[in-house]
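For reference, the structure discussed in these notes is given below.
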Amino acid sequence: MANRIPHIFIAYARKDKTALDKLRTHLNILQRRKLCRIFFDGEITPGEHWDSRLKEELHRADIFVLLVSEDFLDSDYVNEVELPKILEKQKNNECEVIPVILRDCLWTWTELGELQAVLDDGQPIEETNGYGGAARAIAKKVADHHQAEMGRQGLAYIDQQETDEEGKKQKPAAASRWLFRRNTARKGPEAQQKKQEVEARSLRNNDPFHELMVPVKGGTFQMGDERGDLWRACWPIHKVTVKDFQLCKYPVTQAQWKAVMDGNPSHFSDCTDCPIETVPWDEVQSFLEKLNEQTGGNYRLPTEVEWEFAARGGAQSKNYKYAGSNDLNEVAWYNDNSENKTHPVGRKKANELGLHDMSGNVWEWCQDEWKSYPRSLHPFHDKFRRVVRGGAWFNYSDGCRVSYRRRDSTELMYEYIGFRLARD
């Protein structure tokens with residue numbers, strides 16, 4: 001089971017963009033090796049809601065890197081939006097905060113003075129060109145995050161090093177230093193194999209999803225949204241026809257995932273009836289393959305067209321803004337009511353077809369590669385990114401609309417993306 005990689009949010013002042021670029025160049029090796037995901041506001045797509053995206057990234061970040069200078073400390077947005085949220089998360093032990101002191105300034109007179117800051121021999125890093133040292137300090141936090149994550153998942157962390165003939169550790173190996181192995185001390189291999197065989201027999205004899213599949217009669221509908229308050233990837237409206245299919249009443253839960261995959265990678269792992277999350281699109285494909293082998297079924301992910309048609313209520317649609325209501329609190333766990341976590345499936349009102357949690361709780365992977373609207377006129381597609389739909393526990397209301405769409409990398413794991421099953 002792959003582990004969840006940490007998200008790094010870099011906060012900086014506009015005048016310090018050159019310093020940002022230098023530090024990112026040092027850190028990109030970590031991102032290239034898929035050891036972390038780095039965000040700064042330059043990644044926001046043209047047409048996307050800038051403020052909403054920034055607040056989403058503040059919610060999801062595990063490590064905040066603050067590029068501290070006199071301009072940073074004088075920024076209204078830093079002081080009024082970013083820093084209060086960052087320090088609140090740090091106080092609640094929800095993140096690591098790394099102040100990187102760029103230039104001499106009165107940072108010790110602020111709340112940052114209580115935190116361990118990154119300097120180069122006591123000097124601001126711009127004075128000594130100490131970007132490499134700052135990057136090493138951040139890389140150490142990334143390694144600490146992986147070590148903690150491996151422990152949480154029952155894995156052991158290995159800091160790979162070359163050894164001589166007597167087994168003494170030498171310099172770090174040239175290969176990637178973040179390697180992981182399964183810690184088998186907790187469960188013997190025979191007991192583990194027996195447990196998997198019992199679960200497999202149970203699934204073959206009693207398909208746990210069969211009774212949860214809701215028939216959706218096909219039809220033609222207007223997909224997408226008007227130009228206006230949603231970012232341009234969500235419009236224009238265009239006519240689409242859907243064939244009959246079936247969709248699961250709920251997102252796949254942690255208990256259901258564990259029965260098939262014998263593990264629970266979820267960030268919110270203390271709630272077996274909550275949606276599974278922190279699973280990349282590629283690993284969902286492995287789940288589907290195993291589930292179909294064990295049950296003899298033909299389960300798959302829904303297409304984006306199927307997902308939106310069903311979320312709108314199919315042929316029974318009442319044209320609600322969200323899946324089942326114009327009142328988001330009736331149907332969704334989102335920023336205003338989620339308490340920054342997922343919730344058990346099915347606790348909110350269903351939509352017209354009897355489907356729950358299609359707005360909020362977790363984003364849901366779709367089968368489709370990312371394409372622009374209208375799909376028939378845009379042959380370009382991004383095979384490395386797949387569509388996600390529905391919004392999640394940290395989103396504001398716009399992200400939970402049935403017409404809202406976004407994309408994410410197939411290889412990365414997020415504590416806000418799950419999935420539900422479809423079949424023909």
Side-chain angles (χ1 to χ4, degrees), residues 1-10 30-31 33-40 43-45 48 52-64 89 94-96 142 145-146 148-150 152-153 233 251-254 257 261 263-271 274-287 301 304 307 332-335 338-343 345 357-370 382 384-396 399-400 404-420:
M1 182 70 66
N3 74 305
R4 176 188 174 279
I5 67 172
H7 290 211
I8 297 175
F9 183 112
I10 303 180
L30 303 179
Q31 186 160 255
R33 285 164 171 74
K34 299 182 177 61
L35 299 171
C36 66
R37 177 182 178 274
I38 300 171
F39 172 84
F40 70 105
E43 289 197 345
I44 299 176
T45 307
E48 194 173 359
S52 295
R53 176 67 185 282
L54 256 292
K55 289 177 180 177
E56 288 181 9
E57 295 292 344
L58 284 168
H59 272 290
R60 72 185 64 163
D62 306 291
I63 300 171
F64 289 95
K89 290 188 67 172
E94 297 173 353
C95 68
E96 295 276 358
V142 171
H145 178 96
H146 279 288
E149 184 73 10
M150 292 299 95
R152 186 177 67 82
Q153 294 187 26
V252 172
T253 66
Q254 296 176 26
W257 176 276
M261 302 295 281
N264 183 8
S266 297
H267 179 73
F268 304 105
S269 58
D270 58 346
C271 175
C274 289
I276 188 70
E277 25 83 6
T278 320
V279 286
W281 188 92
D282 292 335
E283 196 160 342
V284 171
Q285 303 307 304
S286 297
F287 172 91
L301 288 176
E304 183 181 17
W307 191 99
W333 298 107
Y334 71 115
N335 178 268
S338 71
E339 299 179 338
N340 290 326
K341 63 181 181 180
T342 57
H343 289 262
V345 301
D357 298 287
M358 296 203 75
S359 287
N361 221 354
V362 292
W363 287 94
E364 298 180 10
W365 287 115
C366 292
Q367 187 63 28
D368 308 56
E369 296 173 354
W370 176 260
D382 184 348
F384 298 109
R385 295 178 186 266
R386 298 281 170 162
V387 176
V388 292
R389 285 303 207 108
W393 49 269
F394 66 87
N395 280 103
Y396 295 89
C400 299
Y404 196 84
R405 62 198 299 255
R406 61 176 293 166
R407 61 193 183 273
D408 274 294
S409 169
T410 61
E411 300 175 338
L412 301 183
M413 296 162 286
Y414 307 92
E415 69 273 26
Y416 51 85
I417 302 182
F419 67 102
R420 75 176 66 217

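As the structure is a prediction and not an experimental result, all values here were calculated from the model.
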Near-ring test Y334/Y396, centroid separation under 6.0 angstrom: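 Ring centres of Y334 and Y396 not closer than 6.0 Å.
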Taking all non-hydrogen atoms of both residues into account, name the closest pair between [X] and [Y] and its distance.
{"X": "P6", "Y": "D62", "result": "CA-OD2, 3.3 Å"}
{"X": "S359", "Y": "C400", "result": "OG-O, 2.9 Å"}
{"X": "S286", "Y": "M261", "result": "CB-CE, 4.2 Å"}

Is the backbone N or O of [Y] less than 3.5 Å from a side-chain atom of [X], with the two atoms forming a donor-acceptor pair by type?
{"X": "S338", "Y": "N340", "answer": "yes"}
{"X": "W281", "Y": "C366", "answer": "yes"}
{"X": "N335", "Y": "N395", "answer": "no"}
{"X": "E94", "Y": "A61", "answer": "no"}

When you compare the side chain of [Y] with that of [X], does any pair of heavy atoms fall below 4.5 Å?
{"X": "E96", "Y": "K89", "result": "no"}
{"X": "V142", "Y": "I8", "result": "yes"}
{"X": "I276", "Y": "S266", "result": "yes"}
{"X": "M413", "Y": "V279", "result": "no"}
{"X": "P280", "Y": "E411", "result": "no"}
{"X": "Y404", "Y": "W363", "result": "yes"}
{"X": "L301", "Y": "Q285", "result": "yes"}
{"X": "I417", "Y": "V362", "result": "no"}

Intermediate values then yes/no, side chain to side chain contact (heavy atoms under 4.5 Å, CB included), E283 and W257: CA-CA 11 Å; E283 196 160 342; W257 176 276; 3.9 Å; yes
Worked verdict on F9 versus L58 for side chain to side chain contact (heavy atoms under 4.5 Å, CB included): CA-CA 7 Å; F9 183 112; L58 284 168; 3.9 Å; yes
Exercise: do R60 and Y414 side chains pair donor with acceptor under 3.5 Å: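 The answer is no; no qualifying pair exists.
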Could you tell me whether [X] and [Y] make a salt bridge, using a distance below 4.0 angstrom between a side-chain N and a carboxylate O?
{"X": "R385", "Y": "E369", "result": "no"}
{"X": "K341", "Y": "E277", "result": "no"}
{"X": "E364", "Y": "R420", "result": "yes"}

Worked verdict on I10 versus I38 for side chain to side chain contact (heavy atoms under 4.5 Å, CB included): CA-CA 7 Å; I10 303 180; I38 300 171; 3.7 Å; yes
Trace of the side chain to side chain contact (heavy atoms under 4.5 Å, CB included) decision for F268 with C274: CA-CA 8 Å; F268 304 105; C274 289; 5.9 Å; no
Six-ring centre of W365, R386 cation under 6.0 angstrom, axis tolerance 45°: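 The answer is no; the distance or angle limit is not met.
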Face-on cation placement of R407 at W370 ring, 6.0 Å and 45° thresholds: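 Yes; both conditions hold, so R407 lies above the ring face of W370.
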Interatomic spacing from OG1 in T278 to CD1 in I5 - rounded to 0.5 Å: 11.0 Å
Euclidean distance, H145 NE2 relative to I63 CD1, rounded to 0.5 Å: 7.0 Å
Among E56, H7, R53, the one residue meeting side chain to side chain contact (heavy atoms under 4.5 Å, CB included) with F39: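 So, applying the side chain to side chain contact (heavy atoms under 4.5 Å, CB included) to F39 and each of E56, H7, R53, only R53 qualifies.
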F287 and F419 aromatic ring geometry - parallel, tilted or perpendicular at 30°/60° bounds: perpendicular
